[in-house]
There are 2 protein chains.
Amino acid sequence: MTKNFNFIDKLRKAGLRPTKQRVKICEILFNREKTFHFTINDLAKKISEELNEKISLATVYNTVHAFEKKGYLKEIAINGDKSYFDTNITAHHHFYDEDTHELIDCDQNDIDSINIKNNITGKKINSVEILIKVASDNQNQN
Amino acid sequence: MTKNFNFIDKLRKAGLRPTKQRVKICEILFNREKTFHFTINDLAKKISEELNEKISLATVYNTVHAFEKKGYLKEIAINGDKSYFDTNITAHHHFYDEDTHELIDCDQNDIDSINIKNNITGKKINSVEILIKVASDNQNQN
DNA sequence: CAATAGTTTAGAATAATTATAATATATAGT
DNA sequence: ACTATATATTATAATTATTCTAAACTATTG
């Protein structure tokens, strides 16, 4: 469990107190190879599966939002009904599988650089996110 | 009111019964020059402002979703908390003003063509949406 | 180890959306 | 035009997602 020291450190550096709950959530979110796309609900479910303890939903919300504010998580643009978060905070894009409602990372290198010729005057561009919606080829979507 | 005939026709062609409520909603949505970005709530508010009648919220939901299914409206990808719809159903992209929470159309011509080199196997691309988040230049967002 | 500032928690409150079931309306067939 | 039937609308209830609240708890500082 040497990794938990990293999480405690990580939280401290962001000015967040390393509470038990936050460290646990860190373990679930950041102890993994590939990036993790999730809704608050997904995460809450994972917590009760992988941990034996239960963390209050309100705390999950608070923690995720705290992590997002500190840049440890990124909120992803998807059609409005749910809020998705992403542990991959580098600039990248997404495929959204409309059949399975799954989100898949799309490497920035898989898309030729995007050149925006016209910006809103007086504003600066904070981010450019591409969402590529895909679906099974032989399936008719009505 | 010659325009209402168009709406009745439009609804009929989509197999939707031209009810009073649907025609009214058509008037509000499609009797305008520039595209209209809205949440269900925005639309409901507009209805009670511009019309003297009141249409049940459930009907507004049903109608908007029926229109979306028929391709008269497009749902737009934004960070999860709200569902936005767009009367502009042509391929185009959006600026999202994080200061004002306003959505502005971005013409496809203002962005150099996007070339996606790697698709998910067995899937076909249904749409490619770009969201450009902007904010005031001299304002610090924490 | 005590004080305090920040955190967690259960549950209430709010907001967004969908379901329900009764009533009303549009359409097709006469 | 009239009636039967299918579909739509409505108010309200139910559901789901999210935020707020106030009390109990915990990490940090001195």
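Letters A, B, ... are given to chains in the order of the sequence lines, protein chains preceding strands, and every chain is numbered from 1.
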*Asks:* I want to verify a distance call: between dA26(C), dA17(D), dA19(C), whose nearest atom is closest to the Lys82(A) side chain?
*Replies:* dA17(D)
*Asks:* Does dT28(D) have its OP1 or OP2 closer than 4.0 Å to a side-chain nitrogen or oxygen of Arg12(A)?
*Replies:* yes
*Asks:* Please state how far atom NZ in Lys20(B) lies from atom C1' in dA24(C), giving the value in whole angstrom units.
*Replies:* 10 Å
*Asks:* Please tell me whether Leu11(A) and Leu29(A) are part of a single hydrophobic cluster in this structure, the criterion being side-chain heavy atoms less than 4.5 Å apart.
*Replies:* yes
*Asks:* Could you state the CG-P distance from Leu57(A) to dT18(D), rounded to the nearest angstrom?
*Replies:* 9 Å
*Asks:* Atom CG of Asn41(B) and atom P of dT18(C): how far apart are they, to the nearest Å?
*Replies:* 14 Å
*Asks:* Between dT8(C), dT17(C), dC20(D), spot the one nearest the side chain of Gln21(A), thanks.
*Replies:* dT8(C)
*Asks:* Given atom CZ of Arg22(A) and atom C1' of dT8(C), what is their separation to the nearest angstrom?
*Replies:* 9 Å
*Asks:* Return the value, rounded to whole Å, for the distance between atom CD1 of Ile8(B) and atom P of dA26(C).
*Replies:* 10 Å
*Asks:* Taking only the side-chain heavy atoms of Ile40(B) (C-beta and beyond), determine which of dT17(C), dT10(D), dA26(C) contains the nearest atom.
*Replies:* dT17(C)
*Asks:* Across the strands shown, which category fits Thr19(B) at heavy-atom distances under 4.0 angstrom: base, sugar-phosphate, nothing?
*Replies:* sugar-phosphate
*Asks:* Please determine, for the side chain of Thr63(A), which listed nucleotide (dT28(D), dT9(D), dT8(C)) has the closest atom?
*Replies:* dT8(C)
*Asks:* Students often get this wrong, so: under 4.0 angstrom with heavy atoms, is Thr39(A) touching a base, only sugar-phosphate, or nothing?
*Replies:* nothing
*Asks:* Starting at atom NE2 of His65(A), determine the distance to atom C1' of dT8(C), rounded to an integer number of angstrom.
*Replies:* 17 Å
*Asks:* So do Lys82(B) and Asn41(B) actually touch side chain to side chain, heavy atoms under 4.5 Å?
*Replies:* no
*Asks:* When clusters are formed by joining ILVMFWY residues with side-chain heavy atoms under 4.5 Å apart, either directly or through shared neighbours, do Leu51(A) and Val64(A) land in the same one?
*Replies:* yes
*Asks:* Compare the minimum distances between each of dT8(C), dT17(C), dT28(D) and the side chain of Pro18(A), then state the nucleotide with the smallest one.
*Replies:* dT28(D)
*Asks:* Same cluster or not: are Ile47(A) and Phe67(A) linked, directly or through other Ile, Leu, Val, Met, Phe, Trp or Tyr residues, by side-chain heavy atoms under 4.5 angstrom apart?
*Replies:* yes
*Asks:* Quick one: is dT17(C) close enough that its OP1 or OP2 comes under 4.0 Å of any side-chain N or O from Tyr61(B)?
*Replies:* yes
*Asks:* To the nearest Å, how far apart are Lys24(A) NZ and dT8(C) P?
*Replies:* 14 Å
*Asks:* Between atom CZ in Phe85(B) and atom P in dA16(C), what is the gap in whole Å?
*Replies:* 14 Å
*Asks:* Let me know, please, whether Arg17(B) or Thr59(B) comes out on the 5' side of the other along DNA chain D by nearest nucleotide.
*Replies:* Arg17(B)
*Asks:* Identify, between Gly15(B) and Lys54(B), the residue whose nearest nucleotide on DNA chain D lies closer to the 5' end.
*Replies:* Gly15(B)
*Asks:* Does atom NZ of Lys34(B) have more than 12 heavy-atom neighbours from other groups under 6.0 Å away?
*Replies:* no
*Asks:* Counting side-chain heavy atoms from CB outward, which of dA11(D), dA27(D), dT17(C) is closest to Ser83(B)?
*Replies:* dT17(C)
